[in-house]
*Asks:* 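Next up is a structure, given as structure tokens.
For reference, positions follow the sequence shown, starting with 1.
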Amino acid sequence: MKNNRFGLTEGKTAVVTGAGQGIGAAIAEMLGANGAFVIVTDINLEKAKETAAKIVADGGRAVAEYFNVADFTNLKAEVDKLAAVTGRIDIWVNNAGITGTARVEEITLEDWDRMQTLDIKSVFFCTQAVFEIMKRQNYGKLVHISSMAGERGGRSSSCAYSSAKAGVLNISKCFALSGGKYNITSNCVCPGRTLTAMAQGLSWLTDPKDAPEKTIPLCRFGTPEDIAGAVLFLSSDLSSYVTGDVIDVNGGLYMK
């Protein structure tokens with residue numbers, strides 16, 4: 001991340017959920033490379049420690065903390081503990097979640113409920129908890145990772161996933177409407193076809209007809225760093241007049 005140092009988050013404290021690997025790790029590293037003190041959270045603490053260690057090795061500041069976004073009973077107390085690390089939370093990135101590939105005929109009630117719990121219910125209640133902290137600060141940057149599937153429906157991903165990600169888009173707007181008078185912005189990033197571990201098993205990764213040179217104007221799949229760049233913008237004061245909005249990071253695939 002050394003080539004990405006612009007100091008855009010200098011002096012800020014950032015929390016990234018699900019930052020042990022993939023897009024979350026890239027976001028944490030990008031924010032750390034730009035000066036933020038990053039609280040790397042994940043349900044897998046060892047993975048979170050690996051991400052934090054990379055940030056520190058690159059000259060940044062970070063700590064790893066165990067955090068379960070679906071522990072709704074203790075969620076507020078756990079978010080308060082995260083805030084106590086530096087005394088504030090300036091940036092909160094809702095990245096943790098799961099995906100699915102089941103066809104509409106195959107989705108079970110259990111599948112549906114698990115997806116809604118981890119991909120939308122957790123986003124709302126995590127954001128609700130940190131929102132109170134940001135209101136007291138009169139400052140905050142809320143960034144939520146949604147999906148292109150949430151905008152146009154799931155094609156290779158499941159209906160349960162795409163509907164949850166559509167809900168994230170609306171949650172973001174609700175917090176944007178409520179947070180404006182407290183100098184809190186709330187925005188979404190919608191990745192397209194991005195090369196991560198979670199992408200394994202999705203049809204576009206191996207189907208010749210979905211080859212990027214045939215389907216994506218920029219002729220390649222996305223990387224976690226591509227997503228992290230958009231999150232960096234929305235986490236910085238360069239986006240101080242941007243709220244309730246969405247950045248699509250899909251190489252132009254959404255135009256297809």
Side-chain angles (χ1 to χ4, degrees), residues 1 4 9 14-34 36 38-58 60 62-70 91-101 114-115 117-120 122-123 126 143-150 154 156-158 160-162 164-165 168 187-206 210 212 216 218 220-235 247-251 253:
M1 288 294 175
N4 294 301
T9 51
V15 176
V16 184
T17 68
Q21 62 183 356
I23 290 173
I27 292 168
E29 291 173 37
M30 183 78 77
L31 296 177
N34 278 273
V38 185
I39 303 174
V40 180
T41 77
D42 203 285
I43 197 169
N44 186 329
L45 182 56
E46 291 306 310
K47 286 288 188 181
K49 287 180 177 178
E50 291 175 12
T51 301
K54 289 179 184 178
I55 295 170
V56 172
D58 195 32
V63 295
E65 297 286 347
Y66 173 85
F67 184 64
N68 181 358
V69 298
I91 301 160
W92 182 279
V93 183
N94 281 309
N95 168 75
I98 59 173
T99 190
T101 59
R114 183 168 183 262
M115 191 72 71
T117 294
L118 292 172
D119 280 14
I120 184 169
S122 68
V123 170
C126 283
V143 185
H144 320 275
I145 305 302
S146 180
S147 172
M148 188 172 68
S156 57
S157 52
S158 76
Y161 174 81
S162 61
K165 289 301 186 179
V168 170
N187 294 285
C188 280
V189 173
C190 285
R193 294 174 174 174
T194 308
L195 295 172
T196 66
M198 270 181 49
Q200 301 303 315
L202 295 177
S203 62
W204 56 260
L205 198 58
T206 56
D210 286 326
I216 300 173
L218 286 181
R220 67 175 178 87
F221 293 131
T223 67
E225 289 72 25
D226 291 322
I227 313 307
V231 174
L232 174 63
F233 169 69
L234 293 174
S235 299
I247 295 183
D248 290 303
V249 187
N250 54 54
L253 178 60

*Asks:* Are the side chains of D58 and E29 in touch, meaning some heavy atoms are under 4.5 Å apart?
*Replies:* no
*Asks:* In Å, rounded to the nearest 0.5 Å, how long is the span from OG of S235 to CG of N34?
*Replies:* 10.0 Å
*Asks:* Can you measure from SG (C126) to CG (N95) and round to the nearest 0.5 angstrom?
*Replies:* 11.5 Å
*Asks:* Answer whether the closest heavy-atom distance between the side chains of I39 and V63 falls below 4.5 Å.
*Replies:* yes
*Asks:* Taking only residues two or more places apart in sequence or in another chain, which ones pass salt bridge (charged side-chain N to carboxylate O under 4.0 Å, His left out) with K54?
*Replies:* none
*Asks:* Would a 4.5 Å heavy-atom cut-off, applied to side chains only, mark T51 and K47 as touching?
*Replies:* no
*Asks:* Nearest heavy-atom pair of S146 and C190: which atoms, and what distance?
*Replies:* CB-SG, 3.7 Å
*Asks:* Kindly indicate whether the side chain of V249, heavy atoms from C-beta on, has any atom under 4.5 Å from the side chain of V189.
*Replies:* yes
*Asks:* Looking only at non-hydrogen atoms, find the nearest pair between V69 and A96 and report the distance.
*Replies:* CG1-CB, 4.0 Å
*Asks:* Just so I know, are the side chains of I91 and T9 near enough to count as touching, which here means a heavy-atom distance under 4.5 Å?
*Replies:* yes
*Asks:* Counting distance only, does the side-chain N/O of S122 pair as donor-acceptor with the main-chain N or O of I120 below 3.5 Å?
*Replies:* no
*Asks:* Nearest 0.5 angstrom please: E225 CD to L232 CG, how far?
*Replies:* 12.5 Å
*Asks:* Minimum heavy-atom separation for S157 to T99, with atom names?
*Replies:* CB-OG1, 4.4 Å
*Asks:* Report yes if the side chains of V231 and I145 come closer than 4.5 Å at any heavy-atom pair, otherwise no.
*Replies:* yes
*Asks:* What's the separation between atom CD1 in I43 and atom CG in N68, rounded to the nearest 0.5 Å?
*Replies:* 4.0 Å
*Asks:* Could you pull out all residues at least two apart from R220 that satisfy side chain to side chain donor-acceptor pair (under 3.5 Å)?
*Replies:* D226
*Asks:* Any non-hydrogen side-chain atom of M115 less than 4.5 Å from a side-chain atom of I98?
*Replies:* yes
*Asks:* Do V143 and W92 come within less than 4.5 Å of each other through their side chains, counting heavy atoms only?
*Replies:* no
*Asks:* Please evaluate residues D119 and K165 with respect to the criterion side-chain contact (heavy atoms from CB on, under 4.5 Å), reporting the C-alpha separation (whole Å), side-chain torsions for both, the decisive distance (0.1 Å), and the verdict.
*Replies:* CA-CA 7 Å; D119 280 14; K165 289 301 186 179; 4.0 Å; yes
*Asks:* Any chance you could measure L45, atom CG, to F67, atom CZ, to the nearest 0.5 Å?
*Replies:* 13.5 Å
*Asks:* Please report the shortest heavy-atom distance between A14 and L31, naming the atom on each side.
*Replies:* CB-CD1, 3.8 Å
*Asks:* Work out which heavy atom in T17 is nearest to a heavy atom in T41; give both atom names and the distance.
*Replies:* CA-OG1, 3.1 Å
*Asks:* Closest approach of A48 and D42, non-hydrogen atoms and distance?
*Replies:* CB-CB, 3.9 Å
